[in-house]
Amino acid sequence: MSTTAERATVPSADGDVPYRYTAALAGEIEKRWQDYWDAEGTFHTPNPSGALAEPDWDVSSKKKFFLMDMFPYPSGAGLHVGHPLGYIATDVTGRFRRMCGDNVLHALAYDAFGLPAEQYAVQTGQHPRKTTEENITTMRRQLRRLGLAHDGRRTFATIDPGYIKWTQWIFLQIFESWYDTEADGGRGRARPIADLVAAYESGERATPDGRAWADLEEVERRRIIDGHRLAYVSESPVNWCPGLGTVLANEEVTAEGRSERGNYPVFKRNLRQWMMRITAYADRLVDDLERIDWPEKVKTMQRNWIGRSTGANVRFPTAAGDLEVFTTRPDTLFGATFMVVAPEHPLVDELTAVAWPEQTEDAWTGGYGSPAEAVTAYRKQAAAKTEVERQVEGKDKTGVFTGSFATNPTNGEQIPIFIADYVLMGYGTGAIMAVPGQDERDWEFAERFRLPIIRTVQPPEGFDGKAYVGEGPAINSAGDGVSLNGLGVAEAKEKIISWLESAGYGEGTVTYRLRDWLFSRQRYWGEPFPIVYDENDLPVAIPLEQLPVLLPEVPDYSPKTYDADAADTEPEPPLARVPEWVYVEMDLGDGPKRYRRDTNTMPNWAGSCWYHMRYLDPTNDEKLVDPEIERYWMGPRPERGGPNDPGGVDLYVGGVEHAVLHLLYARFWQKVLFDLGHVSSDEPYYKLFNQGYIQAYAFTDARGQYVPADEVVEEPADSGQFFWNGQPVHREYGKIGKSLKNAVSPDEMYESYGADTFRVYEMSMGPLEQSKPWDTRAVSGAQRFLQRLWRNVISEETGEVVTVDEPADDATRRVLHQTIDAVRTDMAGLRFNTAISRMIELNNHLTKLDSVPREAVEPLVQMVAPIAPHIAEELWSRLGHTETLAFAPFPEPDPALLIAETVTCVVQVAGKVRDRLEVSPSADDSTLEELALASDAVQRALDGRGVRKVIVRAPKLVNVVPA
RNA sequence: GCCCGUGUAGCCCAAUCGGCAGAGGCAGCGGACUUAAAAUCCGUUCAGUGUGGGUUCGAGUCCCACCGCGGGCACCA
């Protein structure tokens with residue numbers, strides 16, 4: 001193989017301009033260079049050691065740059081022009097960093113387990129592996145044609161047995177560990193489960209009932225241990241989705257109580273499922289957001305999702321024992337005039353009085369003769385309501401009185417206890433102290449049920465609202481034991497908490513909205529759990545050397561699905577249908593025994609929780625990742641994020657839709673692996689960038705059916721009236737999709753324009769983080785740019801190089817170096833749209849010259865290379881270079897040429913431009929003032945008025961302020 | 001309802017610290033070239049920055065209120 005790609009010698013076009021840069025020529029050039037890069041291994045990235053190290057590369061002499069795209073999911077529908085946007089952007093960045101001298105790691109693997117793949121397979125009646133692999137092949141082909149500089153040796157798919165092995169291995173690491181909340185000064189840390197066993201054995205840690213560890217039955221011990229594992233089986237209320245036939249994580253259920261995928265209703269059911277103890281990491285997941293460079297929007301979403309709130313637990317004495325509430329406003333305790341518990345609260349039965357007390361208001365009884373009847377009826381009614389109904393009813397507060405009272409610990413007042421569905425069992429303690437004076441919901445309830453309202457925070461003068469939730473001095477807050485009057489909210493909180501603690505009524509506490517992560521799915525197409533159950537139905541890990549546990553063949557890939565509303569159904573996973581797989585005889589240390597396999601599979605988030613690590617060491621079969629290699633690519637870098645830098649991927653680009661799913665789960669796994677000492681970085685992704693979406697217009701006819709967008713015409717132009725086959729159609733703007741009939745495939749772009757033009761167009765559309773509309777017509781602008789660039793180097797008539805070796809003139813040099821300067825900055829800041837416009841400007845400048853100096857066009861070719869790499873390689877080689885452009889240094893600006901010889905100084909009178917002066921860039925204030933005042937135009941504008949003041953911003957502006 | 005982002009020409013978008021509203025592209029118009037067309041080249045029209053106030057010598061940029069669009073959260077105690 002020669003060092004440059006072999007050129008086709010035949011002219012690509014006919015007529016007068018046989019060597020024009022047409023789509024056909026572009027295609028030929030692009031395919032040739034893609035083959036060259038593959039054959040040469042141009043983008044093979046060396047590791048510091050191991051199988052992918054290269055002896056002649058001194059890795060330590062280069063800065064590393066680990067670049068990642070969000071895991072693509074190979075859909076059966078193929079790509080549309082929106083998909084490559086992020087891949088192009090990361091490719092440009094990677095190529096740019098490589099030209100800046102970095103050792104760039106960039107590869108692409110496939111997230112291939114999951115529901116859509118399974119559904120597609122069920123639809124087409126084929127094995128999901130077959131359809132998934134075909135989809136991957138299609139996607140690889142479409143992406144290869146884009147010319148991405150990926151290290152092809154580092155690709156993989158989550159369904160590869162070699163990958164599944166390590167996904168399961170990590171699961172077992174999590175299973176075999178517990179969270180020691182005392183470790184690291186109270187921050188807590190995951191530790192091996194063996195440490196916990198040792199602590200029980202030594203007596204350092206007491207058993208729940210105080211018996212000695214040695215006195216416990218084996219099964220008792222295992223139950224205790226299993227209760228501490230970070231991955232644990234639990235019988236608890238979970239999200240059951242009959243329409244999908246599986247349970248779902250909280251993060252996969254929308255606010256409307258429906259499945260994020262498929263939009264089916266979801267019901268709460270008590271089921272035995274795998275959970276991951278992500279709540280143990282709640283604080284670190286919140287706090288460590290400070291240490292990473294992510295969009296504020298995503299950080300906020302994660303903070304909201306975790307929902308940490310600080311406050312106090314307060315116990316109110318009742319006849320049925322203490323009723324514990326959580327409140328973020330313990331300072332308002334004196335204003336608690338009633339209590340509300342969730343209908344599902346365990347104390348409700350005991351709190352329900354035998355008869356209505358005297359002076360019970362009619363409104364409180366719900367019209368029932370006894371509390372028991374009222375409570376039963378209300379609970380039934382609440383249970384029948386779906387989440388949606390609860391929301392639709394919104395602020396209409398409902399509830400009934402239980403007939404019993406609690407004692408407000410601050411002042412001994414007897415306050416009534418209600419049940420109401422605006423209090424949720426799943427948050428805090430499922431009970432609240434209601435303080436209508438400072439809480440809008442409680443105010444509404446108090447108004448509806450005619451309950452007393454006491455303000456305990458003085459609202460500002462003129463406050464005419466109802467509940468006052470703002471800052472102010474405490475009032476009406478003095479009791480026998482404590483007075484808060486006059487204190488601000490924060491001080492009052494502090495004082496009441498210490499009083500509660502000393503009086504034994506409660507303590508300061510923190511609650512979270514985050515729940516443990518439900519980790520099993522009753523689907524086929526996912527990783528099997530590396531777990532079997534023994535005769536006690538307790539989980540036992542399959543030994544590491546027996547991994548991976550692979551999926552068996554099944555008669556039917558689909559789980560049993562039900563009518564979407566059939567809440568009282570049971571999950572029935574496909575794996576349960578193969579008893580010969582489910583029941584196995586194994587020797588797990590105490591002789592051959594019969595075990596039952598877990599028939600659930602992992603959610604498809606499992607594979608994406610750690611795939612960043614697989615890129616580093618993709619073939620390692622001995623270890624998750626070699627520690628030296630992991631440290632090199634992902635270890636903490638104080639020079640980047642300061643002494644607290646957590647390590648992680650240098651740049652991670654993807655859409656914002658994974659803000660609280662993948663991105664939260666991956667952080668969690670990373671932290672577990674970090675705690676257990678397997679990795680050196682405790683955050684997976686140091687810098688996150690959310691790209692916008694490419695959107696498009698779609699058109700519907702009178703019946704609301706989508707019509708092919710590319711056949712719609714606008715008549716007359718720019719009128720906003722659209723027609724398809726002569727009938728008027730309605731335009732809407734939004735997603736690209738096959739069903740919307742507005743999808744344009746990258747293949748069509750390659751065919752009509754070539755990959756480089758497509759890349760330039762996508763990068764020039766606007767800021768990467770913004771969403772913007774696709775406009776196929778506008779692509780020709782990008783093509784014209786590349787054609788002009790081509791013509792600046794190559795004769796369209798003869799195919800010969802037309803650049804000259806004479807030095808460039810001064811003006812050209814200045815334009816060149818200013819362009820270099822701007823392009824470098826823009827590229828580093830991912831502002832490819834402005835970088836391209838600067839290059840177009842320079843290119844247009846060169847077009848106007850009689851002959852194009854090599855001195856000017858070579859740097860332009862280098863600058864274009866990250867964005868349009870094929871044409872750049874081609875021109876570079878035709879200009880006589882024998883080595884790939886991929887490692888050619890990115891041009892550096894000459895500082896001397898960045899300073900203009902003269903600058904235009906704008907002269908304003910009263911803020912209006914009246915004159916322009918050509919001055920030296922070093923002109924000082926007084927010179928400029930003199931020049932300005934001497935200007936005829938200024939004198940005319942002053943029209944005899946005096947000068948009050950002259951503002952000079954040398955050298956660009958003088959503003960004369962008339963008297 | 002609350003929070004975040006955003007609004008510049010027919011369209012996509014530029015505009016360091018507040019300092020000439022326009023870099024680039026699309027579309028349109030005119031011209032050159034051509035028998036003609038395409039392509040190419042040259043030239044060019046079009047907004048005063050969503051609305052209303054304010055600060056300032058000077059506001060697209062800063063502050064306040066409102067409107068439109070996009071997104072997030074939504075009885076979380």
Side-chain angles (χ1 to χ4, degrees), chain A residues 13 15-17 20 22 255-256 295-298 300-301 304-305 307-309 311 325-329 332 340 390-391 393-397 420-424 426-435 438-442 444-445 511-513 656-657 659-660 692-693 695 717-720 733-734 760-761 764-767 769-782 784-785 787-788 791 796 822 825 831 833-841 843-844 847-848 904-916 948-953 956-962:
Chain A
D16 298 336
V17 284
R20 173 181 296 276
T22 58
E256 286 77 37
E296 213 38 60
K297 180 191 171 85
V298 178
T300 304
M301 285 166 75
N304 288 343
W305 185 259
R308 175 165 67 186
S309 44
V325 304
F326 172 72
T327 176
T328 57
R329 293 294 302 274
T332 63
V340 185
R390 280 196 183 191
Q391 285 193 11
E393 286 164 22
K395 304 238 156 169
D396 272 350
K397 295 284 178 291
D421 66 3
Y422 83 92
V423 173
L424 310 173
Y427 186 78
T429 61
I432 62 161
M433 61 177 212
V435 188
Q438 275 80 229
D439 185 287
E440 280 163 20
R441 297 152 302 181
D442 297 347
E444 284 160 19
F445 194 87
T511 58
Y512 304 87
R513 199 178 85 117
V656 75
E657 68 271 17
V660 287
Y693 299 102
Q695 312 208 71
D718 293 329
S719 63
Y733 177 62
V760 170
Y761 174 63
S764 68
M765 291 173 80
E769 66 276 17
Q770 247 172 58
S771 290
K772 49 241 154 183
W774 177 261
D775 180 8
T776 300
R777 284 183 314 176
V779 179
S780 57
R784 287 206 270 261
F785 163 52
Q787 284 177 332
R788 270 197 286 265
R791 272 202 303 275
E796 290 187 337
T825 318
R831 291 184 298 273
N833 55 326
T834 47
I836 290 170
S837 61
R838 297 304 294 252
M839 288 189 273
I840 291 175
E841 233 178 320
N843 193 44
N844 289 350
T847 302
K848 292 188 179 84
T904 306
C905 178
V906 174
V907 185
Q908 299 176 334
V909 176
K912 291 207 175 77
V913 181
R914 298 297 182 184
D915 202 359
R916 290 184 172 81
R948 183 150 67 98
K949 197 169 161 190
V950 178
I951 290 144
V952 184
R953 291 283 175 274
K956 295 184 77 175
L957 178 127
V958 180
N959 189 11
V960 181
V961 186

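Since the structure is predicted, the reported quantities are computational estimates derived from the model, not experimental observations. Residue numbering restarts at 1 for every chain, and letters A, B, ... go by the order of the sequence lines.
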Just checking A:Thr327: base, sugar-phosphate only, or nothing, at a heavy-atom cut-off of under 4.0 Å? sugar-phosphate
*Side-chain N or O of A:Arg788 less than 4.0 angstrom from OP1 or OP2 on B:C41?*
yes
Taken to the nearest whole Å, CZ/A:Arg914 to P/B:G19 is 20 Å
Here the distance between atom C1' of B:C75 and atom CD of A:Glu444, to the nearest Å, is 9 Å
Sugar-phosphate, base or nothing in reach of A:Ser309, heavy atoms under 4.0 Å
sugar-phosphate
Euclidean distance for C1', B:G24 against B:A38 (whole angstrom):
25 Å
Between CD of A:Glu296 and P of B:G5 the distance, given in whole Å, is 10 Å
Original post:
Judged by modelled atom types alone, do A:Asp442 and A:Tyr422 share a side-chain donor-acceptor pair under 3.5 Å?
Top reply: yes
Mate of B:A23 across any strand shown (Watson-Crick or G-U wobble, both atom pairs under 3.5 Å) is none
Legend entry - Whole-angstrom distance between B:U34 and B:A27, as gauged at atom P: 25 Å
Taken to the nearest whole Å, NZ/A:Lys297 to P/B:G71 is 9 Å
Paired to B:U51 by Watson-Crick or G-U wobble criteria (both distances under 3.5 Å) is B:A65
Those residues at least two apart in sequence (or on a different chain) that pass side chain to side chain contact (heavy atoms under 4.5 Å, CB included) with A:Ala822 are A:Arg838
C1' spacing across the pair B:A77 / B:C4, given as an integer number of angstrom: 24 Å
Side-chain atoms of A:Asn844 come closest, of B:C57, B:C75, B:G25, to B:G25
Partner of B:G70 under the Watson-Crick or G-U wobble criteria, both distances under 3.5 Å, comes out as B:C4
To the nearest angstrom, the CZ-C1' distance between A:Arg20 and B:U40 comes to 7 Å
A:Met301 CE to B:G72 C1', in whole Å, measures 5 Å
A:Lys772 atom NZ is separated from B:C69 atom P, nearest whole Å, by 22 Å
Across every strand shown, the nucleotide meeting Watson-Crick or G-U wobble geometry with B:G28 (both distances under 3.5 Å) is B:U44
Short question: side chain of A:Lys949, backbone of A:Asn959 - any donor-acceptor pair under 3.5 Å? no
Here the distance between atom P of B:C75 and atom OH of A:Tyr422, to the nearest Å, is 13 Å
Item to complete: Pick the P atom in B:A21 and in B:U49, then give their distance to the nearest Å.
Response: 12 Å
